[in-house]
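Down below is the structure, laid out as structure tokens.
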Protein chains: 2
Amino acid sequence: MARPDRDLREACIAEAMAIVAGDGVERLSLREVARRLGVSHQAPYKHFPSRDHILAAIVARAFAAFARFLDRNPRSDDADADLGGMGLAYLDYARAHPLEYRLMFGTPLPDGRAHPEMMAEARHAFALLCDGLRRRAAARGEQPDDKAIVLDALFIWSCLHGLAGIHGASLVDTLALPPGALEASPAHVLGRIGDALGH
Amino acid sequence: MARPDRDLREACIAEAMAIVAGDGVERLSLREVARRLGVSHQAPYKHFPSRDHILAAIVARAFAAFARFLDRNPRSDDADADLGGMGLAYLDYARAHPLEYRLMFGTPLPDGRAHPEMMAEARHAFALLCDGLRRRAAARGEQPDDKAIVLDALFIWSCLHGLAGIHGASLVDTLALPPGALEASPAHVLGRIGDALGH
DNA sequence: CCCTCCAAGTTGACAGCGTCAACCAGAGGG
DNA sequence: CCCTCTGGTTGACGCTGTCAACTTGGAGGG
């Protein structure tokens with residue numbers, strides 16, 4: 001069998017990501033991936049032992065793209081503003097890429113022990129947030145221990161993750177919010193995070 | 001057709017909820033419901049036009065149970081403590097009932113317009129939080145408008161929802177938290193919410 | 001009492017999915 | 001030339017949601 005003129009494994013990943021980005025992870029099937037690539041339904045299994053494996057591969061890619069997005073702003077001298085910018089980027093990503101966001105955070109993920117690359121990419125995104133907090137603390141002349149940094153990172157991540165989830169899901173319709181509340185909620189929540197941490 | 005000695009519709013709902021509570025919503029199939037009840041695979045369709053309809057029914061039940069849980073503590077004279085108690089109840093529910101929690105908040109829900117009861121039950125839970133904030137404001141002699149109440153309710157809900165999601169999902173393993181951070185995070189996040197709102 | 005209708009079930013079929021298993025062709029190495 | 005391995009194809013199986021036809025029992029009316 002000649003080396004194919006394309007790497008089918010990478011093509012499967014790209015196609016799976018396109019399906020998820022277009023229609024959501026619920027529509028991801030290996031048979032549809034195969035159909036779109038013009039190969040037999042079993043061909044993707046030559047590269048991925050199971051559906052979970054291709055899922056883990058695209059989750060890892062999604063986390064990597066997410067982390068790049070979080071890190072998109074150049075670092076400034078103002079650690080508070082950097083942290084706020086990261087928070088905005090988080091919400092922007094969730095809004096711009098709702099289906100990818102749900103892939104990462106709204107889907108039972110494959111077992112992390114079997115997919116270390118996926119785990120590493122997810123950790124990277126969280127680590128950016130922890131780094132932002134460390135720089136902020138240093139700029140204020142503080143030296144919190146690692147656990148305190150992580151706890152505040154969890155606080156922030158919880159707020160952002162929760163709000164992104166509310167924005168992205170049908171919960172928005174469900175809650176029957178008064179006019180303007182939805183649009184105002186990102187700035188408000190970010191402001192409250194600032195209140196909590198002390199400006 | 002005689003009135004059956006059981007209400008199959010209610011039996012389907014109960015069985016569906018048992019499957020979700022035991023194994024998660026991914027394992028919910030109408031055929032399994034039918035098998036467990038000893039009826040033919042098509043029988044549940046006499047009562048529910050589609051899988052979405054039974055899903056909406058159990059989501060409504062889950063929201064109702066959730067709201068009862070949030071409201072479990074008697075009201076005291078201390079509105080701050082009541083609000084904190086509600087926050088703890090939120091996290092307790094998510095921890096005690098992870099699969100039901102994920103049913104409500106981690107699952108693409110059926111179209112809310114087709115299922116008004118489900119919507120109403122979800123709104124009730126959110127309204128409890130808004131009420132708690134109103135009572136707190138009144139106790140402080142403040143009169144925030146409706147939008148301000150809702151925005152802070154969204155802030156709190158975001159925090160709790162985000163944290164519950166982190167606790168409940170494989171993200172906990174993914175993030176490789178330092179020892180003790182996970183156990184400390186509920187108190188920490190609730191404390192930060194208090195910081196944000198001003199004690 | 002008989003007949004009709006309807007509700008609630010049963011049975012069978014279909015298409016889609018993930019996965020198992022057997023088979024095939026071509027490339028590379030001995 | 002032969003053998004092995006890799007990466008595909010084909011076919012089958014069991015599971016799901018749903019469509020469709022059929023059956024049965026009971027209620028209601030004449």
Side-chain angles (χ1 to χ4, degrees), chain A residues 1-59 99 102-103 107-111 114-115 118, chain B residues 1-59 99 102-103 107-111 114-115 118:
Chain A
M1 170 59 73
R3 178 67 191 177
D5 56 2
R6 73 183 164 185
D7 180 346
L8 185 61
R9 187 178 192 278
E10 283 302 316
C12 287
I13 292 175
E15 203 63 46
M17 293 190 70
I19 291 169
V20 167
D23 301 310
V25 63
E26 298 78 18
R27 310 308 293 253
L28 175 63
S29 79
L30 268 69
R31 287 182 180 236
E32 179 62 21
V33 169
R35 261 191 300 274
R36 291 186 179 204
L37 296 176
V39 295
S40 71
H41 72 92
Q42 182 66 13
Y45 286 92
K46 287 299 172 187
H47 301 278
F48 302 95
S50 72
R51 183 180 183 277
D52 254 9
H53 287 82
I54 195 170
L55 190 62
I58 62 174
V59 168
L99 298 175
R102 207 172 72 225
L103 169 68
T107 309
L109 297 179
D111 179 12
H115 303 284
M118 176 181 78
Chain B
M1 171 55 75
R3 181 65 189 174
D5 58 1
R6 76 185 164 181
D7 180 345
L8 186 61
R9 188 179 192 276
E10 283 302 314
C12 287
I13 292 175
E15 204 62 46
M17 293 190 70
I19 292 169
V20 168
D23 302 309
V25 62
E26 296 78 18
R27 308 311 293 253
L28 175 62
S29 80
L30 268 68
R31 285 183 179 236
E32 180 62 21
V33 169
R35 259 190 303 272
R36 291 184 178 205
L37 296 176
V39 296
S40 71
H41 73 92
Q42 181 67 14
Y45 286 91
K46 287 297 172 187
H47 301 277
F48 301 95
S50 71
R51 182 180 185 276
D52 254 9
H53 287 79
I54 196 171
L55 190 63
I58 62 174
V59 168
L99 298 175
R102 206 173 74 225
L103 170 69
T107 310
L109 296 180
D111 179 12
H115 304 284
M118 176 182 79

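Sequence lines set the chain letters: A, B, ... in the order given, protein chains first and strands last, and positions in each chain run from 1.
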[X] [atom1] to [Y] [atom2] distance, which is reported to the nearest 0.5 Å:
| X | Y | atom1 | atom2 | answer |
| --- | --- | --- | --- | --- |
| B:L30 | B:E15 | CG | CD | 11.5 Å |
| A:I19 | A:L99 | CD1 | CG | 12.5 Å |
| A:R31 | A:S40 | CZ | OG | 10.0 Å |

Salt bridge (Lys or Arg N to Asp or Glu O under 4.0 Å) partners of A:D52, counting only residues at least two apart:
none

Run the side chain to side chain contact (heavy atoms under 4.5 Å, CB included) test on B:I13 and B:E10 for me, step by step, so that the C-alpha distance in whole Å, both residues' side-chain angles and the decisive distance to 0.1 Å come before the verdict.
CA-CA 5 Å; B:I13 292 175; B:E10 283 302 314; 4.1 Å; yes

Smallest heavy-atom separation, A:Y45 atom then A:S50 atom, equals CE2-CA, 4.2 Å

When every non-hydrogen atom of B:A16 is compared with those of B:I54, the smallest separation belongs to CB-CD1, 4.0 Å

For DNA chain D, the residues among residues 48-55 of chain B that have a non-hydrogen atom under 4.0 Å from it:
B:S50, B:R51

Output the rounded distance in Å from NZ (A:K46) to C1' (C:dA21).
10 Å

Distance in angstrom units between B:E32 CD and D:dG17 P, rounded
10 Å

Could you list by number each residue of residues 38-45 of chain A showing a heavy-atom separation from DNA chain C of less than 4.0 Å, or answer none if no residue does?
A:H41, A:Q42, A:Y45

Scan residues 22-29 of chain A against DNA chain C and write down, sorted by residue number, each residue with any heavy atom closer than 4.0 Å; if none is found, say none.
A:L28, A:S29

Which is true for B:R9 with a 4.0 Å heavy-atom rule: it touches a base, it touches only sugar-phosphate, or it touches nothing?
nothing

CA sep, side-chain torsions, deciding dist, call: A:L28, A:V33, side chain to side chain contact (heavy atoms under 4.5 Å, CB included):
CA-CA 8 Å; A:L28 175 63; A:V33 169; 4.0 Å; yes

Can you tell me whether the side chain of B:R31 and the base of D:dG17 have a donor-acceptor pair closer than 3.5 Å?
yes

Does a side-chain N or O from B:R35 land closer than 4.0 Å to OP1 or OP2 of D:dT16, or not?
yes

Is B:H47 close enough to C:dG9 that one of its side-chain N or O atoms is under 4.0 Å from OP1 or OP2 there?
yes

Contacts satisfying side-chain hydrogen bond (donor to acceptor under 3.5 Å, both in side chains) that involve residues 19-30 of chain B (not counting sequence neighbours) are B:E26-B:R102

Evaluation steps, side chain to side chain contact (heavy atoms under 4.5 Å, CB included), between B:I58 and B:V25
CA-CA 10 Å; B:I58 62 174; B:V25 62; 5.7 Å; no

Could you pull out all residues at least two apart from B:H47 that satisfy side-chain contact (heavy atoms from CB on, under 4.5 Å)?
B:L8, B:R9

